[in-house]
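Since the structure comes first, as structure tokens, the remarks are kept for the end.
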Amino acid sequence: MWWTGMILMIVGELCNFIAYAFTQAILVTPLGALAVVISAVLSSIFLKERLSFQGKIGCLQCILGAVMIILHAPEQSSADSTIETFKSLVISIGFLIYAGLAILFSLFLIFYCGPRWGKKNMLIYITICSLIGSLSVVFTQGLGFAIVHSITTGDNQFTHWFIYIVLGITVVTLLTQIVYLNKALNLFNTALVTPTYYVIFTTMTIVSSIVLYRGFQASPVAIVTCVFGFLTICSGVALLHNSKSDPTTTVSSSLLTKNETVTHSEKILEDDEKILRESSIECY
């Protein structure tokens with residue numbers, strides 16, 4: 001069963017990589033919220049986990065926001081998918097400044113803030129994952145574009161030295177992202193980490209894509225609709241995860257268990273006292 005889950009996770013990540021290779025990150029990354037919806041529905045079917053009304057509203061919001069983004073997503077700014085074109089975008093002044101600031105701020109969080117406040121504030125590790133993850137997404141997209149271009153046109157992009165730099169950066173950023181996301185999940189409640197990470201990571205990914213491609217081609221109406229769609233997804237994810245960690249239900253169940261234990265103990269004591277009284281009467 002464990003191997004089945006691992007294989008399915010690998011297949012899912014490969015499909016995610018393929019999606020980045022064929023379309024823009026500003027469309028793929030927000031749609032990752034649908035995985036949360038599907039997992040909630042499947043858990044209610046197979047694991048018999050109760051999906052509350054609040055959780056159902058959250059699922060509906062995620063689907064509605066995803067549809068809004070799909071219908072109004074801006075087009076990719078760069079039609080040329082060669083590694084040379086991606087190289088020219090990466091070494092542009094705007095993206096170098098963004099990448100440099102993201103790396104410096106991540107290092108500051110890792111070596112200064114992490115040892116001091118990492119165990120108390122989940123935003124430190126989540127911010128590291130989001131900043132590094134925004135870089136990993138754009139480099140994953142560039143690598144995917146190069147692979148698709150090599151297959152479809154026959155122009156082998158792996159003869160260019162820059163693609164190996166892209167590959168190395170992709171591996172390093174993905175590993176860093178996984179390490180610090182696991183740290184956040186080990187230290188803090190998953191119901192808090194997951195929606196917070198989704199919102200910050202998706203926001204930083206959209207920002208990095210805009211900086212890399214120097215904006216995107218879309219009308220003001222489409223841009224505003226995409227923003228509202230993204231905010232709708234964010235609120236839906238928050239509702240869905242909040243419904244899974246309803247403190248009222250937990251407290252009520254714990255109090256009920258405690259009361260049942262006390263009642264059972266009192267009953268045992270009463271029975272023991274009754275037996276002792278009967279024994280003393282017989283002896284007398």
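What you see is a predicted model; the values in this text were computed from it and never measured.
- Using a distance-only test at 3.5 Å, with no hydrogens or angles considered, no donor-acceptor pair links the side chain of Gln177 to the main chain of Ile132.
- In this structure, Asn186 contributes its side chain and Asn182 its backbone to a donor-acceptor pair below 3.5 Å.
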Report the C-alpha separation of Leu181 and Ile128 in whole Å, then their side-chain angles, then the decisive distance to 0.1 Å, and conclude whether the side-chain contact (heavy atoms from CB on, under 4.5 Å) test is met. CA-CA 9 Å; Leu181 180 59; Ile128 295 171; over 6 Å; no

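- Atom CD1 of Ile45 is surrounded by more than 12 heavy atoms from other residues, nucleotides or ligands within 6.0 Å.
- The minimum heavy-atom distance between Thr196 and Met122, with the atom names listed, is OG1-CE, 3.5 Å.
- Considering every non-hydrogen atom in both Ile110 and Pro115, the closest pair reads O-CD, 3.3 Å.
- Checking Tyr180, Phe201, Tyr197 one by one against Tyr125, the ring-ring contact (aromatic ring centres under 6.0 Å, His included) holds for a single residue, Tyr180.
- In terms of heavy atoms, Phe188 sits closest to Val193 at CB-CG2, 3.7 Å.
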Is there a side-chain contact (heavy atoms from CB on, under 4.5 Å) between Val137 and Val28? Walk through the geometry before answering. CA-CA 10 Å; Val137 165; Val28 176; over 6 Å; no

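- One finds the NE2 atom of His160 at 7.5 Å from the OG1 atom of Thr82 (value rounded to the nearest 0.5 Å).
- The distance from the CD1 atom of Ile63 to the OG1 atom of Thr232 is 12.5 Å, given to the nearest 0.5 Å.
- Contact detail for Thr140 and Ser136: the closest heavy-atom pair is OG1-O, 2.6 Å.
- Side-chain atoms of Tyr164 come within 3.5 Å of backbone N or O of Phe158 as a donor-acceptor pair.
- Using a 30° and 60° split on the angle between ring planes, Phe162 and Phe86 fall in the tilted class, from 30° to 60°.
- Under a cut-off of 6.0 angstrom, the local environment of CZ in Phe228 is sparse, with at most 12 non-hydrogen atoms contributed by other residues, nucleotides or ligands.
- By the rule that hydrophobic residues join a cluster once side-chain heavy atoms approach within less than 4.5 Å of another member, Phe105 and Phe111 end up as members of one cluster.
- Atoms CD1 and CG, on Ile147 and Leu167 in that order, are 8.0 Å from each other to the nearest 0.5 Å.
- Between Cys226 and Ile69 the shortest heavy-atom distance is O-CG1, 4.0 Å.
- With Thr202 contributing its side chain and Val199 its backbone, the two residues share no donor-acceptor pair below 3.5 Å.
- With rounding to the nearest 0.5 angstrom, the OG atom of Ser52 is 9.5 Å from the CD1 atom of Ile57.
- Under a hydrophobic clustering in which Ile, Leu, Val, Met, Phe, Trp and Tyr are joined whenever their side-chain heavy atoms come within less than 4.5 Å, directly or via other members, Ile169 and Ile178 fall into different clusters.
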Run the numbers on Ser150 and Gln157 for side-chain hydrogen bond (donor to acceptor under 3.5 Å, both in side chains), then give the verdict. CA-CA 6 Å; Ser150 299; Gln157 297 295 295; 4.9 Å; no

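- Looking at Thr205, its side chain never comes within 3.5 Å of a backbone N or O of Ser134 through a donor-acceptor pair.
- Taking CD from Gln61 and NZ from Lys56, the interatomic distance works out to 15.0 Å, rounded to the nearest 0.5 Å.
- Contact record, Gly236 with Cys62: C-SG, 3.7 Å, taken as the closest heavy-atom pair.
- Of the residues listed (Thr176, Leu131, Leu101), the one engaging Ser106 in a side-chain contact (heavy atoms from CB on, under 4.5 Å) is Leu131, and it is the only one.
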Begin from the C-alpha positions of His149 and Asp155 and carry the test side-chain contact (heavy atoms from CB on, under 4.5 Å) through to its verdict. CA-CA 7 Å; His149 184 84; Asp155 182 14; 3.8 Å; yes

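- Tracing side-chain contacts under 4.5 Å through hydrophobic residues (I, L, V, M, F, W, Y), one never reaches Leu64 starting from Leu239; they form parts of separate clusters.
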